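Atoms within a ligand are numbered from 1 in the order they appear, just like the ligands themselves. These numbers come from a predicted model, not from an experiment.
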Amino acid sequence: MTDHTSLTLDPTGDWSAFRALGHRMVDDMVTHLSTLDAQPTWQPIPQAVRDALAEDLPMQGCGAEAAYESFREHVLPYPNGNLHPRFWGWVQGNGTPLAMLAEMLAAGMNPHLAGFDQAPAIVEHQVIDWLRQVMEFPESASGLLVSGGTMANTVALATARYAKAGFDVRTEGLQGAHAPMAFYGSTETHSWASKAAEFLGFGSNAFRAIEVDSDKRMRVDALMSQVEADRRAGLNPFCVIGTAGTVNTGACDDLLQLAQRCRDLRLWFHVDGAFGALAKLSPRFKSMVAGLELADSVAFDLHKWMYLPFESACVLVRDGDQQRNTFRSTAPYIAKQARGTIAGGLPFADLGLELTRNFKALKVWMSLKAHGLSTYRQLIEQNVDQAQYVKSKIEAHPALQLLAPVPLNIVCFRFVDASLDNEKTNALNQELLLRVQESGIAVCSSTILGEHFALRLAIVNHRSTLADFDRFLQAVLTIGEALLAKGL
Ligand SMILES: *Cc1c(COP(=O)(O)O)cnc(C)c1O
């Protein structure tokens with residue numbers, strides 16, 4: 001009798017052809033990674049490629065080989081560029097060859113990381129414990145790997161909301177007759193804060209943006225007055241966000257002072273350390289984020305200044321029970337058992353929103369084991385030293401102007417000429433930015449500082465050398481002068 005139930009997605013007919021295809025994929029990616037410098041940092045996508053990618057919904061499959069060919073031809077050559085040694089746009093890490101393979105192993109093993117009694121869960125607990133030690137949080141802290149800084153910060157803010165509401169926010173939500181809750185951060189706080197305020201039901205008005213000083217650090221006196229005024233006005237202030245490494249300029253708030261003030265005022269102290277928290281690794285720079293270890297919670301990315309592939313970030317909460325109490329849920333179909341596969345329950349699902357989670361920890365675990373923490377320390381120091389190098393080059397050149405202090409790994413500057421007013425300078429630099437990107441030589445991004453349009457480098461790149469920055473600055477000058485000569 002024919003078995004009509006034998007359909008599968010495994011290549012059962014020809015595992016050896018599949019194995020050969022897999023080897024080719026690895027070979028091609030290793031070639032890609034080992035020849036990055038010869039590739040453009042970014043290139044516009046030709047219309048023919050866009051057309052080729054606009055396909056009808058495939059009803060009949062073309063087979064793995066043909067699908068892979070489409071990828072090789074139409075996808076691989078047109079990335080946003082973040083792998084490249086001359087990419088410093090936004091804050092995007094490179095990823096690493098080893099972590100790429102770890103991702104393959106994680107996907108191949110495909111374990112369910114809600115919890116379960118399995119070695120991958122032990123690996124995740126281990127990784128969290130290592131990261132806890134890096135951030136000098138107590139053993140009683142909880143932690144979770146999540147997709148990115150936005151999610152890590154949002155999980156922390158949800159925990160703060162639960163811990164500090166003063167009523168049972170899990171059952172009542174924000175629907176009851178309670179004083180409106182308010183939380184605080186500097187005007188330089190990343191845009192996740194407003195998004196999270198909306199998502200968690202506070203509304204974005206609940207985020208109170210506090211002014212900064214000339215070094216872009218939150219003015220603690222202004223924070224104190226705002227909290228006081230809000231309390232007088234009947235609001236319920238519950239949380240202060242200190243930033244370790246602002247996205248615009250890399251400024252670090254005075255975390256030590258904020259920790260003390262929050263303790264006095266009985267406010268939750270959260271630190272957004274998306275990339276800056278990793279300064280903890282360096283004896284040279286850790287004093288910049290002193291006080292981070294006193295926070296009630298901290299969020300940081302591993303896909304920025306730990307150079308790991310997307311997506312990877314971590315949230316740590318000092319009092320682990322608060323995080324568990326915020327998120328734990330039960331249902332008969334996921335109940336814990338004393339023995340068997342679900343012994344130990346679903347500890348990771350109990351710490352955040354997601355139930356099904358992938359094996360994010362493997363790439364962190366393998367990378368830390370293979371390279372050692374000291375390599376990351378050196379790379380972070382290398383990036384900060386590179387930022388100082390670029391800063392000194394900018395300061396030494398009459399056509400370049402530094403636009404903000406460079407405390408860490410972010411450099412903001414612009415091309416200038418005595419013949420241009422600020423408005424024309426802004427327009428020229430806007431065009432300059434796009435032409436540098438389109439040249440394929442390098443990618444930086446931009447921001448607005450006061451009245452100034454700034455070219456901005458965020459250096460979280462383990463592949464850059466000083467020669468790469470020289471090439472970039474040369475391109476800025478050449479293109480800037482050409483624009484100037486043409487009257488823009
Ligand atoms: C990048 C960044 C975020 C957001 O992190 P994602 O991983 O992009 O979600 C939050 N805060 C700061 C300071 C950042 O630099």
Side-chain angles (χ1 to χ4, degrees), residues 80 82 87-95 99 131 135 144-158 160 183-200 204 207 209-210 212 215-218 239-253 255 258 270-280 285 288-289 292 295 297-316 352-354 360 363-364 380 383-384 387 404 406-412 444-447 449 454 456-461:
N80 71 29
N82 62 308
F87 184 99
W88 310 288
W90 303 276
V91 196
Q92 303 182 9
N94 306 117
L131 296 172
M135 296 302 156
L144 185 70
L145 295 179
V146 294
S147 52
T150 299
M151 187 53 83
N153 280 306
T154 302
V155 165
L157 191 65
F183 66 105
Y184 305 79
S186 86
T187 49
E188 296 292 301
T189 307
H190 188 278
S191 56
W192 72 266
S194 299
K195 223 172 173 177
E198 293 162 20
F199 178 69
L200 292 171
S204 53
F207 175 65
I210 307 297
V212 292
D215 287 328
K216 311 278 183 193
R217 306 169 90 205
M218 182 165 20
C239 175
V240 173
I241 299 158
T243 301
T246 58
V247 64
N248 264 337
T249 68
C252 295
D253 287 332
L255 304 180
L258 289 178
H270 171 67
V271 173
D272 174 9
F275 58 93
L278 277 302
K280 266 267 182 219
F285 305 121
M288 293 187 54
V289 296
L292 184 157
S297 53
V298 59
F300 51 99
D301 279 302
L302 305 171
H303 59 211
K304 288 181 175 171
W305 227 359
M306 277 269 291
Y307 315 100
L308 284 164
F310 307 135
E311 305 159 339
S312 181
C314 179
V315 53
L316 297 173
L353 271 177
E354 291 169 319
K360 283 185 172 51
K363 60 190 171 193
V364 192
I380 282 167
N383 284 160
V384 179
V406 184
L408 220 51
N409 57 337
I410 295 189
V411 185
C412 293
C444 70
S445 58
S446 65
T447 189
L449 297 174
R456 172 178 161 284
L457 305 182
I459 308 172
V460 288
N461 191 321

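With hydrogens and angles disregarded, no donor-acceptor distance shorter than 3.5 Å links the side chain of D253 to the backbone of A244.
Atom numbering of ligand 1 starts at 1 in the shown order; those under 4.0 Å from a heavy atom of H303 are 7 (O). Taking every non-hydrogen atom of G245 and a distance limit under 4.0 Å, the qualifying atoms of ligand 1 come out as 13 (C). Near F275, with a cut-off below 4.0 Å to any heavy atom, the atoms of ligand 1 are 15 (O). Listed by atom number, the atoms of ligand 1 under 4.0 Å from G148 heavy atoms are 7 (O), 9 (O). Atoms of ligand 1 lying under 4.0 Å from at least one heavy atom of W192, given by number and element, are 10 (C), 11 (N).
Nearest protein heavy-atom neighbour of atom 11 (N) of ligand 1: D272 OD2, 2.7 Å. What sits closest to atom 12 (C) of ligand 1 on the protein, heavy atoms only, is A274 CB, 3.2 Å. In this structure, atom 7 (O) of ligand 1 lies nearest to the protein heavy atom G149 N, 2.7 Å.
Counting heavy atoms under 4.0 Å from ligand 1, residue E311 does not touch it at all.
Considering each of K304, K195, H190, the one bringing a non-hydrogen atom nearest atom 1 (C) of ligand 1 is K304.
Where the criterion is an N or O separation shorter than 3.5 Å, residue side chain and backbone included, T150 meets it with respect to ligand 1. The N/O atoms of D301, backbone and side chain alike, include one that comes under 3.5 Å of an N/O atom in ligand 1.
In terms of the side-chain contact (heavy atoms from CB on, under 4.5 Å) criterion, residue partners of E354 (sequence neighbours excluded) are, by chain and number, R357. Here T447 pairs with N248, C412, L449, A454, R456 under the side-chain contact (heavy atoms from CB on, under 4.5 Å) rule; sequence neighbours left out.
Ring geometry, F207 versus F183: the interplanar angle falls from 30° to 60°, so the pair is classed tilted.
Here the two rings, on F275 and F300, have centers that are 6.0 Å apart or farther.
Between the side chains of H270 and S297, at least one donor N or O sits under 3.5 Å from an acceptor N or O.
Separating the CG atom in L408 from the CD1 atom in I459 is a distance of 10.0 Å, to the nearest 0.5 Å. T249 contributes atom OG1, which lies 5.5 Å from atom CD of E188 (distance to the nearest 0.5 angstrom).
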